[in-house]
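Here's the structure we're looking at; comments come further down.
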Amino acid sequence: MFWRLVTLVIIQTCAAGAGWYLAGDANQSNLALSFALMGGFAWFVMDSVRGLRLLRWLRAGSGADLTLGSGLWGEAYDRVRRLLRTSNRMTLESDNRLKDFLAALQASPNGVVLLDSETRIEWFNQTAAEHFGFDARRDMLQHIGNLVRDPGFTAYLSARDFLHDITMPGRESTMSKPVKLSVHLHPYGEGRMLLLSRDITALEQAEAMRRDFVANVSHEIRTPLTVLAGFVETLQTLALTEQERQQYLGLMSHQAQRMQTLVNDLLTLSRLEGSPLPSVNEWVSVDLLMDHCEQEAGDLSRILWSQPHELSFERSRACELAGSAVELHSAVSNLVSNAIRYTPVGKRIDVAFRLAPDGAAVFIVKDQGPGIAQEHLPRLTERFYRVDRSRSRDTGGTGLGLAIVKHVTQRHGAELSIESVPGKGSSFSITFPPHRVRRELDRQASHSARATVA
Ligand code: ADP
């Protein structure tokens, strides 16, 4: 301010001096005063122009740089420009931080919705949009209660019970394909809420499967146990003839056998689920596998039926499969034993191992049994799923055979396919990929190659 006054005084003094000089002898003081006033006015105009330029620059949103020189306006311009730069940098930084933060929320596998103090939607991520069917353009600033109409959610929202979550159906949920969401509200800021949603469909299904499994196992074990307990009581309390005693003991042994088979199948399943995948470097002879199964099939057919079936075992060229001998035997013998158990005598059962031109191999068990209706086929490999419950039990079935076959098949990178025509018969086949199949010739070739290298 001081320098502005000094400048004004100097300009006016100079102008007055000039007026005094130009006036000559006449009226010197009047002209000096007029020149001083004109000098002051000129300074005022120039100063206002500089001020206006700065104001225009500020109004235009501080675009290109100005040259206002030194002095009050120059310094004001410099300081404002520096302040603006700092504030722009800080805005940019906080914008970037906000973008990073929203990107992190966007990447979250859970649904995230930010609600204001009146439960209006301020922001949501893509997962939440899928869970609740929100549309970013349509639903911003809408009340969430108007968009999520589930009665459980409405009650939860109005109760503001932040301690617990609730489970509700997702937007896409249907009877045939249920979707379950876990939804939790968390308070933050001044009356605001963060809503987190999580798809728990798979978890719920796994839990339901676990419950069903425990219920099924308990039921399967309780039935023979009840029968056994009844016979034990009968033997203890009644005076029986030797023939009756022998008959009861035989029935008890049958029930004990049933429980043993069930426990063995359960153990096999649990081993399959818990053990590492079968090696691709251990080779199992298909001939030996077929011999073993043929022997077992003949025995089972004689035990279960009055006369044996017409059994045929067709082998391909000597061949080996990479994997676990125990698991492969378990899968193949389950298929063969099913065919024998469900096919009446006098009908054919064909078991074959064939090589495909592409190097794959298929193991087929074909029977002329009762066949299976189409609607049962997708569920046959579920644990304890049976088409004919009494036939399965009567022939010593546990309802776990095909579940075991499916597990073994998957663990060997193979594929199980089932074809069946009711009244005509069924065909179960396991197709092994080429890298799990080795012909005798390949084996000899690799042996001689190794011998040459050695
Ligand atoms: P189970 O021990 O009851 O045989 P599985 O898992 O091996 O259990 O088979 C499931 C169901 O599939 C059986 O209960 C039976 O109803 C049906 N099934 C399996 N194999 C055959 C077959 N070869 N012919 C007809 N039905 C079959």
Side-chain angles (χ1 to χ4, degrees), residues 209 212-213 215-217 219-221 223-224 254-255 257-273 293-294 296-301 303-305 308-313 327-352 362-411 414-430:
M209 271 172 69
D212 284 357
F213 185 68
N216 274 320
V217 171
H219 176 76
E220 294 290 330
I221 288 182
T223 314
H254 177 71
Q255 293 304 328
Q257 179 77 40
R258 205 175 130 187
M259 284 206 298
Q260 205 168 18
T261 317
L262 177 68
V263 170
N264 283 345
D265 276 1
L266 285 171
L267 284 176
T268 306
L269 264 180
S270 116
R271 264 196 298 268
L272 287 173
E273 280 173 350
C293 286
E294 191 168 3
E296 284 176 345
D299 292 346
L300 186 66
S301 178
I303 293 169
L304 286 181
W305 303 88
H309 290 91
E310 206 179 311
L311 284 170
S312 131
F313 276 76
E327 290 183 25
L328 290 171
H329 172 256
S330 166
V332 175
S333 77
N334 262 306
L335 291 184
V336 174
S337 98
N338 276 358
I340 289 169
R341 285 169 39 233
Y342 295 106
T343 307
V345 271
K347 302 279 184 176
R348 275 185 70 83
I349 294 171
D350 292 296
V351 182
V362 58
F363 183 85
I364 310 166
V365 180
K366 198 162 180 276
D367 64 52
Q368 293 180 337
I372 305 159
Q374 205 64 27
E375 71 261 25
H376 295 294
L377 297 185
R379 298 197 58 191
L380 279 190
T381 54
E382 284 175 24
R383 292 161 189 202
F384 297 111
Y385 188 84
R386 292 160 164 128
V387 181
D388 184 344
R389 196 161 282 274
S390 60
R391 176 99 213 93
S392 160
R393 292 235 171 86
D394 292 350
T395 55
T398 59
L400 296 173
L402 289 180
I404 293 174
V405 176
K406 187 182 148 203
H407 261 286
V408 173
T409 307
Q410 281 177 343
R411 284 165 60 79
E415 214 173 285
L416 170 70
S417 49
I418 309 171
E419 284 166 30
S420 192
V421 182
K424 292 222 163 134
S426 314
S427 166
F428 292 78
S429 43
I430 305 176

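Whatever order the structure lists ligands and atoms in, that order sets their numbers, starting from 1. Heavy atoms only: backbone and side chains are in, while hydrogens, waters and symmetry mates are out.
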Practice task
First locate atom CZ of Arg383, then atom CE of Met209, and finally report the distance between them rounded to the nearest 0.5 Å.
Solution key: 6.0 Å
Problem - Pairs touching residues 368-378 that satisfy side-chain hydrogen bond (donor to acceptor under 3.5 Å, both in side chains), sequence neighbours left out - result: His376-Tyr385
Practice task
Measure the spacing between CZ of Phe428 and OG1 of Thr409 and express it to the nearest 0.5 Å.
Solution key: 11.5 Å
Completion exercise
Interatomic distance, CD@Glu382 vs CG@Leu400, rounded to 0.5 Å, equals 12.0 Å
Practice task
Write down the atom of Ser426, the atom of Gly371, and the distance for their closest heavy-atom approach.
Solution key: OG-CA, 3.6 Å
Once you restrict both partners to nitrogen or oxygen, which atoms of ligand 1 have a protein partner under 3.5 Å, and how far apart are they?
{"unit_1": "ligand 1", "atom_1": "2 (O)", "unit_2": "Thr398", "atom_2": "N", "d": "2.9"}
{"unit_1": "ligand 1", "atom_1": "2 (O)", "unit_2": "Gly399", "atom_2": "N", "d": "2.9"}
{"unit_1": "ligand 1", "atom_1": "3 (O)", "unit_2": "Tyr342", "atom_2": "OH", "d": "3.3"}
{"unit_1": "ligand 1", "atom_1": "3 (O)", "unit_2": "Ser392", "atom_2": "OG", "d": "2.5"}
{"unit_1": "ligand 1", "atom_1": "3 (O)", "unit_2": "Gly399", "atom_2": "N", "d": "3.4"}
{"unit_1": "ligand 1", "atom_1": "4 (O)", "unit_2": "Asn338", "atom_2": "OD1", "d": "3.4"}
{"unit_1": "ligand 1", "atom_1": "4 (O)", "unit_2": "Arg341", "atom_2": "NH1", "d": "3.4"}
{"unit_1": "ligand 1", "atom_1": "4 (O)", "unit_2": "Arg341", "atom_2": "NH2", "d": "2.9"}
{"unit_1": "ligand 1", "atom_1": "4 (O)", "unit_2": "Tyr342", "atom_2": "OH", "d": "2.7"}
{"unit_1": "ligand 1", "atom_1": "6 (O)", "unit_2": "Gly401", "atom_2": "N", "d": "3.3"}
{"unit_1": "ligand 1", "atom_1": "6 (O)", "unit_2": "Leu402", "atom_2": "N", "d": "2.8"}
{"unit_1": "ligand 1", "atom_1": "7 (O)", "unit_2": "Asn338", "atom_2": "OD1", "d": "3.2"}
{"unit_1": "ligand 1", "atom_1": "7 (O)", "unit_2": "Asn338", "atom_2": "ND2", "d": "2.8"}
{"unit_1": "ligand 1", "atom_1": "7 (O)", "unit_2": "Leu402", "atom_2": "N", "d": "3.4"}
{"unit_1": "ligand 1", "atom_1": "8 (O)", "unit_2": "Gly399", "atom_2": "N", "d": "3.4"}
{"unit_1": "ligand 1", "atom_1": "14 (O)", "unit_2": "Tyr342", "atom_2": "OH", "d": "3.2"}
{"unit_1": "ligand 1", "atom_1": "16 (O)", "unit_2": "Val387", "atom_2": "N", "d": "3.0"}
{"unit_1": "ligand 1", "atom_1": "16 (O)", "unit_2": "Asp388", "atom_2": "N", "d": "3.3"}
{"unit_1": "ligand 1", "atom_1": "20 (N)", "unit_2": "Asn338", "atom_2": "ND2", "d": "3.4"}
{"unit_1": "ligand 1", "atom_1": "23 (N)", "unit_2": "Asp367", "atom_2": "OD2", "d": "2.9"}

Handout entry: Salt bridge flag under 4.0 Å for residues Glu220 and Arg393
Key = yes
